[in-house]
Amino acid sequence: MYQILIADDEEKVRDLLAKNISKLPLDLEVAAVAGDGREALELALKLKPDIVITDIAMPFLNGLELIRKMRENGIESKNLIISGYDDFDYARQAIEVGVGQYLLKPITKQTMRKALLELKEKIELDMEKNDYQVQFQNEMHEYEQFSRRHFFEKVLEGELSVKDIYDEAAKLSIEITASCYNLLFFYLQEKSAELSRDEMEKFSRKQDEILHYFLRNPQYILFSWNVKCYGVLIKSEQSQMEEFTEHCLDKIKQICLQEEDYLEWYVAVGNPVERLSMLPECYKTVNHYFAYRFITPNLHILTVTSLSNYLSTHEEK
């Protein structure tokens with residue numbers, strides 16, 4: 001059911017339009033009516049209607065101003081102007097602000113039906129187009145993620161020469177040049193499959209916050225590793241590697257420690273290397289550290305220092 005907002009300063013006109021529209025078999029409903037442009041804008045911001053029918057001459061905001069204000073606020077409704085002004089300039093301005101239909105009073109039922117049917121068809125066409133675009137974007141994103149992951153799998157397994165690494169990185173638009181590298185793996189998962197809706201939303205927000213942090217900072221190259229695990233290639237000057245590593249560990253800790261009631265998380269960091277050809281060695285180290293999450297469930301930061309301290313403490317006990 002598509003929602004319509006009617007804006008006209010004449011009550012009789014509003015009532016007649018609403019009555020006639022309710023009788024049309026077009027899957028349309030009048031969600032609200034307004035007697036002036038300001039009230040119409042408030043209702044539009046609240047309801048975000050699919051179609052707005054507005055008189056061109058109204059107090060506070062006329063019909064064209066109303067549509068401009070709605071556009072400025074991101075409301076992409078289909079708009080129908082009704083007017084007693086047979087004036088080309090109004091029609092021209094209506095086209096400029098994106099009015100789908102421009103009808104002159106008096107308006108017959110058949111004329112209104114035809115105009116609304118055309119607007120409804122435009123809405124459905126836009127929805128199909130948007131669905132296609134979303135599907136295409138999702139497919140492209142999945143392909144890019146797969147290509148990126150496959151590239152890092154080959155790099156970390158030592159299947160590529162240094163030249164091949166640079167060539168494939170260029171094809172994927174990955175800037176991989178640096179004087180020092182390190183690997184970080186982090187794991188995020190809900191503690192229970194029966195989380196509340198609020199907890200699920202919090203989990204999604206926390207996950208997005210971490211991912212966006214890495215995506216915003218060029219010294220980190222983020223890639224998915226499996227469903228619940230992500231990898232990050234840290235690249236920098238050798239003198240800055242410790243600083244960048246500590247920054248991202250602090251960020252993950254800051255985000256995750258607040259939500260441990262429903263969030264299970266671990267981070268493992270390898271040892272820095274100076275050449276791309278040494279990344280497989282770095283991967284073996286970080287993968288070894290990462291495996292400790294199964295036997296040290298209360299230790300979330302898995303580094304050579306944290307594991308050494310943990311193991312020595314437990315040996316003493």
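Residues: numbered from 1 along the sequence shown. Because the structure is a prediction, the values reported are computed rather than measured.
- Here the side chains of L249 and V269 are in contact, with some heavy-atom distance below 4.5 Å.
- Separation of atoms CG (L279) and CD1 (I176) is listed at 7.0 Å; rounding is to 0.5 Å.
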Note to self: Under the criterion salt bridge (Lys or Arg N to Asp or Glu O under 4.0 Å), I'd like the reasoning laid out for K228 against E190: C-alpha separation, chi angles, the key distance, then a yes or no.
What the structure shows: CA-CA 10 Å; K228 301 294 182 180; E190 309 93 323; 3.3 Å; yes
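- Both tests hold for R293 against F290: distance to the six-membered ring centre under 6.0 Å, angle to the ring axis within 45°.
- Judged by distance alone, the side chain of N62 and the main-chain N or O of E65 form a donor-acceptor pair under 3.5 Å.
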Item checked: Full working for side chain to side chain donor-acceptor pair (under 3.5 Å) between E175 and T177 -> CA-CA 6 Å; E175 176 51 60; T177 303; 3.1 Å; yes
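- For R275, the CZ atom sits in a loose shell: 12 or fewer heavy atoms of surrounding residues, nucleotides or ligands are nearer than 6.0 Å.
- Using a 4.5 Å heavy-atom cutoff, the side chains of L183 and V232 are not in contact.
- Placement of Y166 and L233 within a single hydrophobic cluster is found when ILVMFWY residues are connected by side-chain heavy-atom separations under 4.5 Å, directly or transitively.
- In the hydrophobic clustering of ILVMFWY residues, with side-chain heavy atoms under 4.5 Å counting as a link, F60 and I82 come out apart.
- The neighbour count for K69 NZ, taken as heavy atoms of other residues, nucleotides or ligands under 6.0 Å away, does not exceed 12.
- Of all the heavy atoms in R148 and L222, the pair that sits closest is NE-O, 2.8 Å.
- Dense packing is recorded around CD of E159, with more than 12 heavy atoms of other residues, nucleotides or ligands lying under 6.0 Å away.
- With hydrogens and angles disregarded, a donor-acceptor distance shorter than 3.5 Å links the side chain of N182 to the backbone of G270.
- Residue S236 comes nearest to F244 through the heavy atom pair CB-CD1, 3.3 Å, listed as atom of the first residue, atom of the second, then distance.
- Minimum interatomic distance between A7 and A40 (heavy atoms only, all atoms of both residues): CB-CB, 3.7 Å.
- In this structure the side chain of V286 never reaches within 4.5 angstrom of the side chain of L184, judged on heavy atoms.
- Taking the six-membered ring for Trp and the full ring otherwise, the centers of F214 and F186 sit less than 6.0 Å from each other.
- Look at D15 and K19 and you find no salt bridge, because none of the NZ, NE, NH1 or NH2 atoms lies under 4.0 Å from a carboxylate O.
- A heavy-atom distance below 4.5 Å is not found between the side chains of Y2 and E29.
- The residue from F152, Y283, Y230 that alone fulfils the ring pair (Phe, Tyr, Trp, His ring centres under 6.0 Å) condition with W225 is Y283.
- In this structure, K154 pairs ionically with E168, as a charged nitrogen and a carboxylate oxygen lie closer than 4.0 Å.
- There is no path of hydrophobic side-chain contacts, each under 4.5 Å, that joins M58 to L16.
- Without hydrogens or angle criteria, R68 side chain to E72 main chain gives no donor-acceptor distance under 3.5 Å.
- The two residues I234 and C248 have their closest heavy-atom pair at CD1-SG, 4.1 Å.
- Remark: the backbone N or O of D208 is paired with a side-chain donor or acceptor of H212 at under 3.5 angstrom.
- With respect to R14 and E10, no salt bridge is recorded, no charged nitrogen being found less than 4.0 Å from a carboxylate O.
- Defined by atom type and a distance below 3.5 Å, a donor-acceptor pair is present between the side-chain atoms of Y187 and Q189.
- Between the CG atom of D167 and the OG atom of S161 there is a distance of 7.5 Å, given to the nearest 0.5 Å.
- Shortest non-hydrogen contact noted between P59 and D9 is CD-CB, 3.8 Å.
- Between atom CG of residue L28 and atom CD1 of residue I4 there is a gap of 4.5 Å, rounded to the nearest 0.5 Å.
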Next item on the list: Decide side chain to side chain contact (heavy atoms under 4.5 Å, CB included) for R113 and K109; before the verdict, give the C-alpha distance in whole Å, the side-chain angles of both, and the deciding distance to 0.1 Å.
Entry: CA-CA 6 Å; R113 182 185 185 281; K109 292 181 183 179; over 6 Å; no
Next item on the list: Evaluate the side chain to side chain contact (heavy atoms under 4.5 Å, CB included) criterion for residues I51 and Q3: first the C-alpha distance (whole Å), next the side-chain angles of each, then the deciding distance (0.1 Å), finally the verdict.
Entry: CA-CA 6 Å; I51 297 173; Q3 293 193 324; over 6 Å; no
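- The OG1 atom of T245 sits 10.5 Å away from atom CG of D250, with the distance rounded to the nearest 0.5 Å.
- Side chain to side chain, S179 and E237 meet the donor-acceptor criterion of an N or O pair below 3.5 Å.
- Note: the hydrophobic cluster containing I210 also contains Y213 (ILVMFWY, side chain heavy atoms under 4.5 Å, direct or indirect links).
- H300 contributes a side-chain N or O that, together with a main-chain N or O of W265, makes up a donor-acceptor pair within less than 3.5 Å.
- Classification of K114 and E118 as a salt-bridged pair holds, one side-chain N sitting under 4.0 Å from a carboxylate O.
- Between the side chains of T303 and S306, at least one donor N or O sits under 3.5 Å from an acceptor N or O.
- Residue I56 holds its CD1 atom at 12.0 Å from CG of D8, rounded to the nearest 0.5 Å.
- Annotation for E274: atom CD does not count as buried by contact number, only 12 or fewer foreign heavy atoms lying within 6.0 Å.
- For L43 against A34, the heavy-atom pair with the smallest separation is CD1-CB, 3.9 Å.
- Under a hydrophobic-cluster definition in which Ile, Leu, Val, Met, Phe, Trp and Tyr are linked whenever side-chain heavy atoms come within less than 4.5 Å, directly or via other members, Y181 and L172 are assigned to the same cluster.
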Note to self: Is there a side chain to side chain contact (heavy atoms under 4.5 Å, CB included) between T296 and L302? Walk through the geometry before answering.
What the structure shows: CA-CA 9 Å; T296 60; L302 304 167; 3.8 Å; yes
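- How far CD1 of I6 is from CG of L17: 5.0 Å, rounded to the nearest 0.5 Å.
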